[in-house]
Undergrad: 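I'd like to ask some things about the structure below.
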Amino acid sequence: MKKTSFGQVLLSVLILSACAGNKNLPGNSDIPELKQVYKKDFDIGTAINAPQIEEKDARVAAFIPQQFNAVTPENIMKAEIIHPEWNRYDFDLADKLVAYAQKYHMKLNAHTLIWHSQLPPFVRQIKSADSVRLFLNNHISTVAGRYDGKVYSWDVVNEALNEDGTMRKSIFLNMLGDDFVTEAFRAAQKAAPNTKLFYNDYNNEQPAKRAGCIALIKKIQAAGVRIDGVGIQGHWHLGKVPLKDIEESIIQYAALGIKVDITELDIEVLQRNFQGAEVSQRMKDDPSLNPYKDGLPDAVQQQLASDYEALFKLLLKHRDKISRVTFWGVHDGQSWLNGWPVRGRTNHPLLFDRNLKPKPAFYKVIEAKKSK
Ligand code: XIL
């Protein structure tokens with residue numbers, strides 16, 4: 001007979017007690033809750049979109065607050081939506097999101113104030129540094145000011161760096177120079193004294209970009225301006241999650257006296273080594289470019305599970321430096337990776353499949369707690 005180990009018994013107890021709270025909810029009540037299992041370690045968040053904020057689908061609506069205790073708006077707080085014209089703001093969905101987070105006692109990690117992408121058209125037409133500066137300050141004081149005390153954190157600046165650690169070209173860099181990041185944090189500190197302020201980027205666990213990111217954070221600190229944390233987005237790839245770089249980064253960033261969060265986690269299972277437009281054309285004749293249309297083969301599913309397991313074991317080891325881990329989407333069907341960088345593919349980067357069924361990766365993330 002198979003012997004039951006102490007670890008397995010402990011896991012069963014953990015799973016049973018995590019299930020106990022949600023018996024009568026219509027979401028997916030017979031599985032453990034990530035937010036409960038990781039309660040003592042860090043928050044578990046998800047990005048949500050407009051229909052999810054408005055709770056259009058009852059099953060998804062019940063599921064989200066069962067599993068997650070933090071939310072990030074996938075798009076609706078970006079400048080192009082919340083600030084469409086110089087003198088016009090549209091707070092409709094953002095206000096609904098605040099009410100949503102309050103209703104379910106979730107932390108709201110707001111995203112994002114200053115970013116080169118998803119800008120409203122009027123910003124791209126600005127021709128003078130003074131006007132860019134005016135936009136930056138007005139936008140931050142109006143948006144971050146309105147939600148101070150209502151959101152837990154803001155990604156004040158998103159993706160300001162190149163892969164080699166230099167500053168990325170953008171209307172902000174071109175018009176205001178390197179200091180625009182410090183200026184943005186200064187404005188956010190003034191407008192939102194009760195909100196945690198984060199710098200957020202992707203690949204900033206890689207050594208060169210990390211060095212640039214550390215220099216940027218030190219510059220903000222040297223100016224006497226508050227920064228509370230750094231977000232490592234965590235858009236990683238199957239079989240290639242850079243655990244060593246992630247660990248080194250958590251340690252080095254934390255040494256600056258700030259929190260290190262994983263803010264947009266997903267693990268891509270499809271190939272990326274080609275241009276979007278080119279492959280969209282080729283995909284029509286070559287189905288091998290979209291190989292997992294009908295589901296993930298076992299071997300890939302297992303690899304995804306062990307990638308997530310190793311990652312969460314590492315994050316648990318450094319839980320004192322991490323305040324939350326947020327997935328970029330609730331389930332595979334919602335992931336932006338179905339449409340980027342190539343439209344119309346079927347991706348499987350998250351813990352829950354298109355029917356909200358937990359994948360093997362989900363159970364490995366639950367099990368990762370076993371040894372901790
Ligand atoms: C993505 C959204 O998921 C998509 O729906 C949108 O079309 C484009 O932006 N880094 C970020 C996020 O900081 O805001 C991006 O979100 C994904 C990459």
Side-chain angles (χ1 to χ4, degrees), residues 45-54 56 60 64 68 70-84 93-94 97 108-121 123-124 139 143-144 151 153-163 167-168 170-172 181 184 188 196-206 209 213 216 229-237 241 260-270 272 276-277 280 324-352 354:
T46 180
I48 59 176
N49 58 28
Q52 290 168 337
I53 293 166
E54 298 192 306
K56 298 275 192 215
V60 177
I64 294 171
F68 304 100
V71 278
T72 303
E74 186 175 358
N75 288 300
I76 62 103
M77 281 181 151
K78 291 171 180 172
E80 71 175 355
I81 296 180
I82 210 165
H83 189 176
L93 281 163
L97 175 62
L108 204 175
N109 303 106
H111 173 83
T112 172
L113 292 167
I114 297 298
W115 187 28
H116 64 273
S117 184
Q118 293 185 268
L119 280 170
V123 176
R124 299 190 190 283
H139 181 74
V143 178
V151 304
S153 66
W154 265 109
D155 291 337
V156 177
V157 176
N158 196 33
E159 302 181 352
L161 293 163
N162 292 314
E163 300 306 288
M167 298 290 291
R168 177 202 280 264
S170 70
I171 182 158
F172 304 108
V181 178
K196 304 274 183 211
L197 307 179
F198 274 70
Y199 174 76
N200 194 51
D201 215 324
Y202 62 91
N203 287 350
N204 53 341
E205 76 283 354
Q206 294 300 313
K209 198 161 181 176
C213 195
L216 199 64
V230 58
I232 297 175
Q233 290 184 3
H235 296 296
W236 288 310
H237 297 263
V241 179
V260 192
D261 288 357
I262 308 297
T263 53
E264 304 185 12
L265 179 58
D266 44 28
I267 300 179
E268 158 95 89
V269 301
L270 297 173
R272 266 263 184 106
S280 297
R324 67 159 165 136
V325 176
T326 289
F327 292 86
W328 206 241
V330 177
H331 59 85
D332 286 342
Q334 177 204 346
S335 170
W336 70 305
L337 295 172
N338 295 303
W340 194 89
V342 178
R343 286 224 180 123
R345 296 199 297 177
T346 307
N347 224 320
H348 305 260
L350 298 166
L351 299 186
F352 302 104
R354 286 162 167 74

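Counting starts at 1 for both ligands and their atoms, in listed order. What you see is a predicted model; the values in this text were computed from it and never measured.
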Undergrad: Please state which part of Asp155 comes within less than 4.0 Å of ligand 1, counting heavy atoms only: side chain, backbone, both or neither.
TA: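 Within the 4.0 Å criterion, Asp155 makes no contact with ligand 1.
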
Undergrad: Should one rank His111, Glu159, Met77 by closest heavy-atom distance to atom 14 (O) of ligand 1, which comes out on top?
TA: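 Result: the heavy atom closest to atom 14 (O) of ligand 1 is in His111.
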
Undergrad: Say whether Trp336, considering both its backbone and side-chain N or O atoms, lies within less than 3.5 Å of an N or O atom on ligand 1.
TA: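 No - when backbone and side-chain N and O of Trp336 are compared with those of ligand 1, no distance drops under 3.5 Å.
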
Undergrad: Would a distance-only check, ignoring hydrogens and angles, find a side-chain to backbone donor-acceptor pair under 3.5 Å from Asn162 to Met167?
TA: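 Looks like yes, one N/O pair under 3.5 Å.
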
Undergrad: Between the side chains of Trp336 and Glu264, does any donor sit under 3.5 Å from an acceptor?
TA: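 No pair is found: no donor N or O on one side chain lies under 3.5 Å from an acceptor on the other.
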
Undergrad: Considering only heavy atoms, which of Glu264, Gln118, Lys78, Glu74 lies nearest to atom 13 (O) of ligand 1?
TA: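 Going through Glu264, Gln118, Lys78, Glu74 one by one, Glu264 has the nearest heavy atom to atom 13 (O) of ligand 1.
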
Undergrad: Do Arg324 and Thr326 have side-chain N/O donor and acceptor atoms under 3.5 Å apart?
TA: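 Yes - a donor-acceptor pair under 3.5 Å links their side chains.
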
Undergrad: Are Glu80 and Lys78 ion-paired here, with the side-chain N under 4.0 Å from a carboxylate O?
TA: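 Salt bridge flag = no for Lys78 with Glu80.
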
Undergrad: Is the shortest distance from a heavy atom of Trp328 to ligand 1 less than 4.0 Å?
TA: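 Contact present.
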
Undergrad: Restricting to side-chain hydrogen bond (donor to acceptor under 3.5 Å, both in side chains), what partner residues turn up for His111, sequence neighbours left out?
TA: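 Partners of His111 by the side-chain hydrogen bond (donor to acceptor under 3.5 Å, both in side chains) criterion, ordered by chain and then number, come out as Asp155.
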
Undergrad: For atom 6 (C) of ligand 1, what is the closest protein heavy atom, and at what distance to 0.1 Å?
TA: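 For atom 6 (C) of ligand 1, the nearest protein heavy atom comes out as Asn75 OD1, 3.4 Å.
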
Undergrad: Does any N or O atom in Trp115 lie less than 3.5 angstrom from one in ligand 1, N or O only?
TA: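 Between Trp115 and ligand 1, no N or O pair is found under 3.5 Å apart.
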
Undergrad: Taking it one step at a time, do Met77 and Trp154 satisfy side chain to side chain contact (heavy atoms under 4.5 Å, CB included)?
TA: CA-CA 10 Å; Met77 281 181 151; Trp154 265 109; 3.9 Å; yes

Undergrad: Looking only at heavy atoms, is any part of Trp340 under 4.0 Å from ligand 1, and if so is it the side chain, the backbone, or both, or is it neither?
TA: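 The answer is neither.
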
